[in-house]
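First up is the structure itself, then whatever we jot down about it.
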2 protein chains.
Amino acid sequence: MTGSSHLIIDEPAAQLGRNLTYGLLDNIGRAIVTGQFEKAVFPTEAELAKQHGVSRSVTREAVKMLTAKGLLSARPRQGTTVQPTSSWNLFDTDVLRWMLERKLSIDLLRQFNELRVAVEPEGAALAATVAGEDDLARIDAGLERMQAAEHGLDDPLEADIAFHVAILRASKNPFYIQLRDVVSTALRTSIRFTNRIKGRSADVAEHAKVRDAIAARDPDAARIAMRRIIGDVLGLIEDRQPAGE
Amino acid sequence: MTGSSHLIIDEPAAQLGRNLTYGLLDNIGRAIVTGQFEKAVFPTEAELAKQHGVSRSVTREAVKMLTAKGLLSARPRQGTTVQPTSSWNLFDTDVLRWMLERKLSIDLLRQFNELRVAVEPEGAALAATVAGEDDLARIDAGLERMQAAEHGLDDPLEADIAFHVAILRASKNPFYIQLRDVVSTALRTSIRFTNRIKGRSADVAEHAKVRDAIAARDPDAARIAMRRIIGDVLGLIEDRQPAGE
DNA sequence: ATAAGTCGATTCATATGATAATTGTGATTG
DNA sequence: CAATCACAATTATCATATGAATCGACTTAT
């Protein structure tokens with residue numbers, strides 16, 4: 001890894017980390033998402049193995065995992081091919097992380113928040129119906145962290161994530177709960193942008209409204225309050241990038 | 001089902017289909033989701049291979065795919081273990097299909113529609129903003145199929161799916177588009193229930209309202225109309241099962 | 001000349017046996 | 001009793017061989 005100026009990976013062994021398969025998964029996954037194979041044909045498994053300095057078993061297992069995530073498809077004689085992005089599983093945290101790491105386009109950030117604006121208000125409404133005491137406690141804890149973060153006593157991003165994740169969890173709906181990982185992955189990876197966008201102190205007051213609505217078992221109020229929070233973020237994003245597509 | 005009274009699978013070879021790996025993936029995935037390993041410890045890769053009459057390579061690749069979908073986790077010495085359901089990727093169509101096939105609980109159906117009631121209205125609103133001519137054409141086509149189905153000239157379920165999928169696609173948001181597969185998989189697999197629930201002729205009129213709102217570029221109207229459609233379904237489900245959990 | 005069929009090369013799919021790496025468990029020792 | 005060490009179990013990795021599927025070129029028959 002010193003003077004090597006090769007474009008091809010070609011490192012004989014491992015900066016793949018302790019686990020070769022998972023390291024290779026990460027490398028290839030990132031390469032696919034970065035678009036490195038959009039023009040070129042995807043290598044054969046033998047070439048992949050040689051380029052990364054691992055055995056074909058490891059290669060095959062990594063390829064199989066990428067297949068399971070919708071990024072690849074393998075057939076005899078035809079070879080292994082990259083699937084169109086429409087079949088990638090965006091709700092897989094690996095795929096999402098690769099996409100966010102590659103360039104973090106404002107488009108992707110907007111699309112992600114368009115998802116949040118649908119899911120989180122409804123999740124808050126559900127939470128208002130079914131949340132238990134422990135759920136409320138977690139939501140309170142998240143809110144308190146946000147308040148602490150206002151005075152520099154906690155990390156604002158992590159506090160925000162804790163709050164939103166607590167609400168999704170309180171919905172008691174597996175689909176919403178699943179989105180915990182998606183939301184926290186996306187928020188954490190896109191720190192650069194979110195920092196510019198967030199940081200307004202009105203935030204905490206608006207979050208408190210959500211909490212209160214859930215505690216008061218008022219689904220409609222919870223939905224509206226949460227929608228305002230994410231709508232604000234979305235508005236800021238769209239301001240920065242007026243014309244999409 | 002016939003005379004075989006073995007609990008263990010133990011078939012020496014393949015009713016796994018042409019592709020052993022994918023057949024094994026399906027078998028093990030279904031077994032996990034069915035809860036066959038909740039009490040018992042998960043077999044070692046050697047045992048798995050022997051039980052299914054395949055090589056360890058095939059076993060390992062199937063296990064790796066299940067790992068990628070969040071169902072399994074493998075570590076040396078500790079063995080391969082089934083992950084808690086909270087880490088399963090429900091937005092993976094395989095996982096979802098296995099879950100819907102296993103027993104199709106009303107709970108799962110309700111939770112799925114709780115997701116739809118969040119996503120699809122917002123998707124319709126987005127579509128009203130960004131849909132192109134081709135998108136509108138697809139939505140119209142879906143609506144026409146529903147009208148045809150009213151007179152027995154088309155399959156009502158497939159027509160319904162086509163309509164909803166067309167709208168998700170028209171949103172131009174990859175996250176929403178991704179849910180196409182989820183929605184169609186779930187609707188198609190849960191025919192038994194949806195047949196009982198749907199089939200009211202008011203449906204087509206309500207769907208037409210969504211279409212008109214999108215064509216008129218009216219996001220709010222589209223959101224409200226779509227919300228009513230899915231809210232109706234949700235109401236019927238909750239009627240059947242008053243107390244959840 | 002066109003159509004169908006044959007053959008071969010390429011690539012993934014599968015099998016097998018051996019070795020390495022990791023880590024829980026229990027024995028050992030201070 | 002605690003810390004350490006040795007062992008064993010299990011996955012991780014490697015190397016090699018064989019099978020199966022498919023595309024393309026070539027051949028052959030009509």
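Naming convention: chains lettered A, B, ... in sequence-line order (proteins, then strands); numbering from 1 in each chain. Values in this document were obtained by computation on a predicted structure and should not be read as measured data.
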Using whole Å, report how far [atom1] of [X] lies from [atom2] of [N].
| X | N | atom1 | atom2 | value |
| --- | --- | --- | --- | --- |
| Lys50(A) | dT13(D) | NZ | P | 21 Å |
| His52(B) | dT14(C) | NE2 | P | 14 Å |
| Glu47(A) | dC12(C) | CD | C1' | 13 Å |
| Leu48(A) | dA13(C) | CG | P | 13 Å |
| Glu45(A) | dT11(C) | CD | C1' | 7 Å |
| Leu20(A) | dC14(D) | CG | C1' | 10 Å |

Check every strand shown and say whether Ser57(A) touches a base, only sugar-phosphate, or nothing at a heavy-atom separation below 4.0 Å.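 The answer is base, as Ser57(A) lies within the cut-off (heavy atoms under 4.0 Å) of a base atom.
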
Does the side chain of [Y] come within less than 4.5 Å of [X]'s, by heavy atoms?
| X | Y | result |
| --- | --- | --- |
| Leu71(B) | Gln83(B) | no |
| Glu122(A) | Glu122(B) | no |
| Val119(B) | Val119(A) | yes |
| Arg169(A) | Arg138(A) | yes |

So, Asp107(B) and Lys172(A), do they make that salt bridge, N to O below 4.0 Å?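 No salt bridge links Asp107(B) with Lys172(A).
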
Output yes when Glu101(A) and Arg30(A) qualify as a salt bridge under the 4.0 Å nitrogen-oxygen rule, no when they do not.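 Looking at Arg30(A) together with Glu101(A), the answer is yes, because their closest N to O distance falls below 4.0 Å.
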
Side-chain N or O of [X] less than 4.0 angstrom from OP1 or OP2 on [N]?
| X | N | answer |
| --- | --- | --- |
| Asn19(A) | dT13(D) | yes |
| Thr80(A) | dT11(C) | no |
| Arg60(A) | dA13(C) | yes |
| Ser55(A) | dC14(D) | yes |

Per-nucleotide protein contact string for nucleotides 17-22 of chain D, where B marks a base within reach and S marks sugar-phosphate only (heavy atoms under 4.0 Å, - for neither): B----B

Among Asp140(B), Asp160(B), Asp154(B), which one satisfies salt bridge (charged side-chain N to carboxylate O under 4.0 Å, His left out) with Arg145(B)?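 Exactly one pass, corresponding to Asp154(B).
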
Neighbours of DNA chain C within residues 63-70 of chain B, by heavy-atom distance under 4.0 Å: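 None - not one residue of the stretch has a heavy atom sitting under 4.0 Å from the strand.
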
Pairs involving residues 57-73 of chain A, ordered by first then second residue, that meet side-chain hydrogen bond (donor to acceptor under 3.5 Å, both in side chains) (sequence neighbours left out):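 Counting only pairs at least two positions apart or across chains, the side-chain hydrogen bond (donor to acceptor under 3.5 Å, both in side chains) contacts touching residues 57-73 of chain A are Glu45(A)-Arg60(A), Arg60(A)-Glu61(B), Glu61(A)-Arg60(B), Glu61(A)-Lys64(B), Lys64(A)-Glu61(B), Lys69(A)-Asp92(A), Lys69(A)-Asp94(A).
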
Please test Arg97(B) against Asp181(B) for salt bridge (charged side-chain N to carboxylate O under 4.0 Å, His left out), starting from the C-alpha separation and ending with a verdict. CA-CA 11 Å; Arg97(B) 181 168 38 81; Asp181(B) 297 331; over 6 Å; no

